[in-house]
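Side chains are part of it too, since the values below use all heavy atoms of this structure and drop only hydrogens, waters and symmetry mates.
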Amino acid sequence: MPLSWYLTLAAALFAIGLFGALARRNAVGVLMGVELILNAVNINLVAFWRFGNPMELTGQLFAIFVIAVAAAEAAVGLALIIAIYRIRGTVNLDELDTLRG
């Protein structure tokens, strides 16, 4: 499979994730969009590692680092969304424009 197929898949995932992060009003939808963007980055990292110098593990190490950051982002983001939902009763980002407690 050529490198261009991986890059095309990553570009499609990135575009879908960017659209989801920018167009959604639901906070959970925005988090899902960000996860798609991070997965597109992982595909690029592993593809460039595979077609570059597979003897070095730099692409895989960066991908594992990105997965760890994505997991932490999802955990913290979902905790914040649950806390906001308990206080406000909504996760619509248009209604969460103040930082009052």
Side-chain angles (χ1 to χ4, degrees):
M1 197 178 316
L3 177 64
S4 62
W5 290 16
Y6 293 107
L7 298 180
T8 304
L9 174 66
L13 269 180
F14 187 85
I16 292 169
L18 186 64
F19 177 76
L22 294 178
R24 302 291 298 204
R25 292 189 173 134
N26 188 337
V28 176
V30 172
L31 278 178
M32 290 171 55
V34 171
E35 291 294 326
L36 283 177
I37 291 171
L38 292 174
N39 283 328
V41 170
N42 282 337
I43 289 173
N44 277 339
L45 287 171
V46 173
F48 281 121
W49 163 78
R50 171 69 176 88
F51 288 95
N53 187 5
M55 298 304 290
E56 296 178 8
L57 297 177
T58 54
Q60 289 179 337
L61 290 177
F62 278 121
I64 290 172
F65 180 73
V66 170
I67 290 170
V69 169
E73 174 259 337
V76 171
L78 286 175
L80 287 172
I81 290 171
I82 290 171
I84 289 171
Y85 182 76
R86 286 183 179 170
I87 294 171
R88 294 284 188 88
T90 183
V91 291
N92 189 351
L93 295 176
D94 290 336
E95 299 174 13
L96 303 175
D97 57 351
T98 60
L99 294 176
R100 282 185 291 157

Report the C-alpha distance between Leu18 and Phe14 in whole Å, list the side-chain angles of each, state the deciding distance to 0.1 Å, and finish with yes or no for side chain to side chain contact (heavy atoms under 4.5 Å, CB included). CA-CA 6 Å; Leu18 186 64; Phe14 187 85; 4.3 Å; yes
Give, for atom [atom1] of [X] and atom [atom2] of [Y], the distance between the pair rounded to the nearest 0.5 Å.
| X | Y | atom1 | atom2 | value |
| --- | --- | --- | --- | --- |
| Phe51 | Leu7 | CZ | CG | 9.0 Å |
| Ile84 | Glu95 | CD1 | CD | 12.0 Å |
| Thr8 | Leu13 | OG1 | CG | 11.5 Å |
| Thr90 | Ile81 | OG1 | CD1 | 11.0 Å |
| Glu35 | Glu73 | CD | CD | 4.5 Å |

Is there a path of hydrophobic side-chain contacts, each under 4.5 Å between heavy atoms, that joins Leu22 and Val30?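 No, because Leu22 and Val30 fall into different hydrophobic clusters, even though each may have its own neighbours under 4.5 Å.
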Do Val76 and Val34 sit in the same hydrophobic cluster, where Ile, Leu, Val, Met, Phe, Trp and Tyr count as joined when their side-chain heavy atoms come under 4.5 Å apart?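 No.
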Taking every non-hydrogen atom, the tightest pair across [X] and [Y]:
| X | Y | result |
| --- | --- | --- |
| Leu93 | Ala27 | CD2-CB, 3.8 Å |
| Gln60 | Trp49 | NE2-CH2, 3.2 Å |
| Ala10 | Ala40 | O-CB, 3.3 Å |
| Leu36 | Ile16 | CD1-CG2, 3.8 Å |

Start with the C-alpha distance between Asn39 and Asn42, add both sets of side-chain angles, then the distance that settles side chain to side chain contact (heavy atoms under 4.5 Å, CB included), and finish with yes or no. CA-CA 5 Å; Asn39 283 328; Asn42 282 337; 4.0 Å; yes
Stepwise side chain to side chain contact (heavy atoms under 4.5 Å, CB included) check, Val46 with Phe62: CA-CA 9 Å; Val46 173; Phe62 278 121; over 6 Å; no
Would you indicate whether Tyr85, at its atom OH, is surrounded by more than 12 heavy atoms from other residues, nucleotides or ligands within a distance under 6.0 Å?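 Not more than 12 within 6.0 Å, no.
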